[in-house]
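The next block holds one structure in the form of structure tokens; read it before the comments.
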Amino acid sequence: MEKYLEKAKTILIEYGPNVIYALGLLIVGLFIIKRVVRFAKKIMTSRNVDITLQTFLSTMIGVGLKLLLIIAVVSKLGIDTTAIAAALAAASLGVGLALQGALSNLAGGVLIIIFKPFKIGDLVEAHDEIGVVKDITIFTTQIVTPDNKRVIIPNGTLANSNIINFSSEGKLRVDLTIGVGYDEDIKETKSVLLNVLKQNDKVLKHPQPTVDVEALADSSVNFAVRPWCKVEDYWSVYFGVTENCKLALDKAGIEIPYPHAVEIQKQA
């Protein structure tokens with residue numbers, strides 16, 4: 001018994017200080033890491049960093065510092081950390097190769113959240129889809145199309161494609177083409193069409209709506225009708241102005257040409 005006690009005493013004397021030091025380092029290190037993460041969150045909040053990015057970056061900072069702390073604690077216990085570092089590097093490489101797509105989406109999400117090409121509620125066109133942005137996460141962006149379909153787009157794909165943000169300027173131009181017959185008076189037609197735009201409450205006064213001759217087509221004189229409106233009023237103005245232009249032209253007796261069927265009879 002005395003032999004084992006003596007051996008335990010020797011081990012305690014030899015390794016005890018290192019164990020106590022390592023334990024103290026672990027406790028103090030965890031305390032400091034907690035403060036660092038809290039301080040990082042505070043800075044990001046003061047700079048209006050997106051909450052999703054705040055959570056992600058805070059987690060990454062915490063995990064990275066804890067890994068470094070563990071290596072330092074193990075080193076103080078007298079264990080060779082070279083093998084541990086090599087194992088972590090190999091594991092990181094393997095995970096990186098296995099999750100290439102996920103990491104691409106992660107990087108794309110970080111870029112989108114930092115540079116903010118769009119925000120939740122914006123009307124955008126991206127990756128051949130048009131809709132209102134419903135949610136932005138680290139890995140995907142969700143948009144709702146005009147026919148109420150939810151489209152989930154990977155951020156890696158989204159960050160590398162062209163993005164059209166219809167909402168960023170706060171207003172849109174509605175592009176319409178109205179054709180009338182060649183026999184109709186151009187000035188009168190422009191006056192009728194402009195009057196339709198001015199009577200629509202959702203058409204903005206500034207920039208001013210315009211009506212101009214766009215093309216001399218095969219069977220009609222085409223007018224470019226260009227009202228401006230708020231983003232949320234786009235479809236209302238588009239359909240409303242189209243209908244009212246037809247009604248106003250009919251009332252003014254201005255003909256809108258359309259194909260006519262011609263019956264040709266063969267003589268016996």
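These numbers come from a predicted model, not from an experiment. Basis for what follows: all heavy atoms, side chains included, without hydrogens, waters or symmetry-related copies.
- Here the straight-line distance linking atom CG of Leu123 with atom CD1 of Ile164 works out to 10.0 Å at 0.5 Å rounding.
- Under the side-chain contact (heavy atoms from CB on, under 4.5 Å) criterion, Val28 pairs with Ile32, sequence neighbours left out.
- Ile112 places a side-chain heavy atom less than 4.5 Å from the side chain of Pro117.
- Hydrophobic cluster membership of Leu247, counting Ile, Leu, Val, Met, Phe, Trp and Tyr whose side-chain heavy atoms lie under 4.5 Å apart directly or via other members: none, as it forms a cluster of its own.
- Pairs passing the salt bridge (charged side-chain N to carboxylate O under 4.0 Å, His left out) check and including a residue from residues 147-158, sequence neighbours excluded, read Asp147-Lys149.
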- Task: Decide side-chain contact (heavy atoms from CB on, under 4.5 Å) for Asn155 and Ile138; before the verdict, give the C-alpha distance in whole Å, the side-chain angles of both, and the deciding distance to 0.1 Å.
- Result: CA-CA 8 Å; Asn155 284 336; Ile138 286 294; 5.7 Å; no

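- Residue pairs meeting the side chain to side chain donor-acceptor pair (under 3.5 Å) criterion with at least one partner in residues 121-133, sequence neighbours excluded, are Lys119-Asp122, Asp122-Asn165.
- The minimum heavy-atom distance linking Gly253 with Glu184 is given by the pair O-OE1, 4.1 Å.
- Contact between Val133 and Thr141 at its shortest, heavy atoms only, is CG1-CG2, 4.3 Å.
- Every side chain to side chain donor-acceptor pair (under 3.5 Å) that Ser220 has, sequence neighbours left out, goes to Asn222.
- Among pairs with a residue in residues 25-45, those fulfilling side chain to side chain donor-acceptor pair (under 3.5 Å) read Thr45-Gln54, at least two apart in sequence or across chains.
- Between Val124 and Phe166 there is no side-chain heavy-atom pair separated by less than 4.5 Å.
- Nearest heavy atoms, Ser219 versus Pro257: O-CG, 3.3 Å.
- Applying the side chain to side chain donor-acceptor pair (under 3.5 Å) criterion to Thr140, with sequence neighbours excluded, gives Thr137.
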Solution key, residues 192-213 side-chain donor-acceptor pairs under 3.5 Å, sequence neighbours excluded:
unit_1	atom_1	unit_2	atom_2	d
Asn200	OD1	Lys202	N	2.9
Lys202	NZ	Ser236	OG	3.3
Lys205	NZ	Lys198	O	3.4

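- If you take CD1 on Ile33 and CG on Leu26, they are separated by 8.5 Å, rounding to the nearest 0.5 Å.
- In this structure, the side-chain contact (heavy atoms from CB on, under 4.5 Å) partners of Asp185, at least two apart in sequence or on a different chain, are Lys187, Glu188.
- Here the CG-CD1 distance, from Leu25 to Ile70, works out to 11.5 Å after rounding to the nearest 0.5 Å.
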Could you list the donor-acceptor pairs under 3.5 angstrom formed between side-chain atoms of residues 227-235 and any protein atom two or more places apart in sequence or on another chain?
none

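- Interatomic distance, CD of Gln142 versus CD1 of Ile120, reported as 9.5 Å (0.5 Å rounding).
- Counting heavy atoms of neighbouring residues, nucleotides and ligands inside a 6.0 Å radius, atom CZ of Phe39 does not exceed 12 of them.
- For the atom pair CD1 (Ile153) and CG (Leu158), the distance works out to 5.5 Å, reported to the nearest 0.5 Å.
- At a threshold of 4.5 Å between side-chain heavy atoms, the hydrophobic network of Ile, Leu, Val, Met, Phe, Trp and Tyr places Ile43 and Val36 in two separate groups.
- The hydrophobic cluster around Ile27 extends to Leu23, counting ILVMFWY residues whose side-chain heavy atoms fall within less than 4.5 Å of a member.
- The stretch residues 168-183 participates, sequence neighbours left out, in these side chain to side chain donor-acceptor pair (under 3.5 Å) pairs: Arg173-Asp175, Asp175-Arg226, Thr177-Glu214.
- Two residues are said to be in side-chain contact when any heavy atoms from C-beta on lie closer than 4.5 Å; Leu249 and Ile178 meet this criterion.
- Ile143 and Gly131 get closest at one heavy-atom pair: CD1-N, 4.1 Å.
- A single hydrophobic cluster is seen to contain both Ile186 and Val180, as judged by linkage of ILVMFWY side chains at heavy-atom distances under 4.5 Å, directly or through other members.
- With a 4.5 Å cut-off on side-chain heavy atoms, Lys246 and Ile256 count as touching.
- Separation of atoms OG1 (Thr242) and CG (Leu176) is listed at 4.5 Å; rounding is to 0.5 Å.
- Counting all heavy atoms, side chain and backbone alike, Ala159 lies closest to Gly108 at CB-CA, 3.8 Å.
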